[in-house]
Amino acid sequence: MYGKKKFIALSTVSMAFVVSAVLCGNALIANADEYYTPQLRAALNEVGWSADGVLLKPARDFAGNEYVIGEAKDGNGHFIYNVAEEVLTEFTFKGESPYHGLYTNLIYGGAGSFFVQRGDTYVSVIESDVTYQSSEVLPYAAYREVAEEESAETAYSSVSAYANETINVQHPEFFSDNLDMHCGYFEKDNYGQCGFIALGMLIAYADQYVYGRILNDSLYYTTYNNKLGLISSLDRDLINKGYIPVGEYLSNLHPKNSTTSTHIKETMNIFVEKRNSEFRNGEYFKIDYYSKWTPFYSNNAIVEALKNNNPVILFGGYDFSTEPNGALVESIGSHAIVCYGAVKTNKYYWRCHTGWNKSGHSDYYVIDGTIGSVYYFKITETGF
């Protein structure tokens, strides 16, 4: 959705999903010979996956484009292959396929976005409460951003002075200036903590610049690494006093190994309820939120959130650079990042904090990739 570049999203997240019986199909898996094209075999060989070790079945996206879903025969891994683009758009060597046990009316919505059509409804495989009516699905909705980009490219080539646009939240320095060590980062043995770290940054931003008093005094932003035991003297002192990074606090509040916008929405709702219960003298705050899956959001929704001073969590797989349209610096799949700005030339380049505890990773631009879902919240009422 960021252009025509082929993108491979490598996921290391365990994807063992429990699917409601209402979603289960009873058709047989498609004959593999029908889908094992030379291009597919080449794509599998490129990532070191033997074509003989997978079972295949067809899928489509909301625009009707064809995909092939491959599931490892031993149950450890899956991939999704775009037939027209001849590229693996998502794959993992760990965990069960989200489409395991499902064989008909399969819809791929983008990174981390999986649906099954049941009559006039589209039901999320991962989050069963995410359901859309067919009337909500716009024709070619999944590719409307590409259409926007192509239109912009035409304008760019025909007009010598194309009007660029730069958008940021009111205090982008909160995310870009030395926040690598102050984003509530933490590590544990399980995966999926990036969504909680990202939500922690949204809460911390609102606490510091918008509303105040949202974070409990026992929460702080600095980082430590449980897995490697790399704990600074400051962090160790805070931990001994009962302090905890906000990202880890959120993870403990509503634990899950792999997060989506829906799970982060639930986590934030729990956080608000718990925080309100801790206030005295009737103090409280209320929120509204935006949680959408591909293709039911638009670039404009992200831009409007930023203009209204609401940073946005993007869930998906991305190519990063240190400047808009710059050289590739790093790639990652199945990751949650915080978008706090954008530059629009011939397309949108999302300015983001990757959520990693690494120098310089707090001011990156997404130059390619796929968004599976988005989330942001805003405070609608306070009683402070």
Side-chain angles (χ1 to χ4, degrees), residues 6-11 13-128 130-132 134 137 142-143 258 260 293-295 316-317 333-334 370 372:
K6 294 183 179 180
F7 177 78
I8 294 178
L10 171 59
S11 169
V13 179
S14 177
M15 302 188 81
F17 301 117
V18 178
V19 181
S20 170
V22 72
L23 295 179
C24 292
N26 54 14
L28 295 175
I29 292 178
N31 185 342
D33 294 338
E34 182 180 350
Y35 298 98
Y36 272 141
T37 63
Q39 294 82 2
L40 174 54
R41 289 181 179 274
L44 292 177
N45 289 336
E46 186 177 345
V47 298
W49 204 337
S50 171
D52 297 327
V54 296
L55 301 171
L56 302 182
K57 49 195 173 184
R60 61 182 174 87
D61 61 20
F62 286 99
N65 298 288
E66 295 183 354
Y67 291 78
V68 173
I69 297 170
E71 296 178 337
K73 291 180 180 179
D74 63 4
N76 292 316
H78 80 280
F79 66 81
I80 297 178
Y81 176 76
N82 185 313
V83 175
E85 294 291 332
E86 298 179 359
V87 63
L88 297 175
T89 61
E90 186 170 329
F91 69 92
T92 176
F93 292 106
K94 294 185 178 182
E96 190 173 83
S97 164
Y99 286 121
H100 182 71
L102 305 174
Y103 310 111
T104 58
N105 299 321
L106 307 182
I107 300 172
Y108 177 56
S113 180
F114 313 105
F115 290 82
V116 175
Q117 185 175 359
R118 288 291 178 261
D120 268 350
T121 63
Y122 299 87
V123 185
S124 170
V125 174
I126 303 174
E127 310 285 356
S128 59
V130 178
T131 304
Y132 294 99
S134 58
V137 182
Y143 286 87
S258 179
T260 64
W293 292 65
T294 300
S334 294
T370 304

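Owing to the predicted nature of the structure, the values given are computational and were not obtained by experimental measurement. Computed over heavy atoms, backbone and side chain alike; hydrogens, waters and symmetry mates excluded. Counting from 1, the numbers follow the sequence of the chain as shown.
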- Query: Is there side-chain contact between V68 and K57, with heavy atoms separated by less than 4.5 Å?
  - Reply: no

- Flag side-chain contact, heavy atom, 4.5 Å: F114 against L102: no

- Query: When the ring centroid of Y99 is compared with that of Y108, is the distance short of 6.0 Å?
  - Reply: no

- Message: If I compare all heavy atoms of W49 with all of A72, which pair ends up nearest, and what's the gap?
- Response: CZ2-CB, 3.9 Å

- Any idea which heavy atoms bring I80 and H78 closest together, and the distance? CG1-CD2, 4.3 Å

- Message: Going by side-chain contact (heavy atoms from CB on, under 4.5 Å), name the residues that satisfy it together with Q39, two or more places apart in sequence or in a different chain.
- Response: T37, Y81, E86

- Message: Rounded to the nearest 0.5 Å, what separates atom CG in L55 from atom CD1 in I69?
- Response: 12.0 Å

- In this structure, CG of L40 is separated from CG of N45 (nearest 0.5 Å) by 9.5 Å

- Query: Are any non-hydrogen side-chain atoms of L106 and V116 less than 4.5 angstrom apart?
  - Reply: yes

- Report yes if the side chains of F79 and V47 come closer than 4.5 Å at any heavy-atom pair, otherwise no. no

- Note on the structure: Tightest non-hydrogen contact, residues L56 and G70, listed as CD2-CA, 3.6 Å

- Note on the structure: In short, I107 meets Q117 closest at the heavy-atom pair CD1-CB, 4.0 Å

- Rounded to the nearest 0.5 Å, what's the gap from CD on E90 to OG1 on T370? Could you check? 8.5 Å

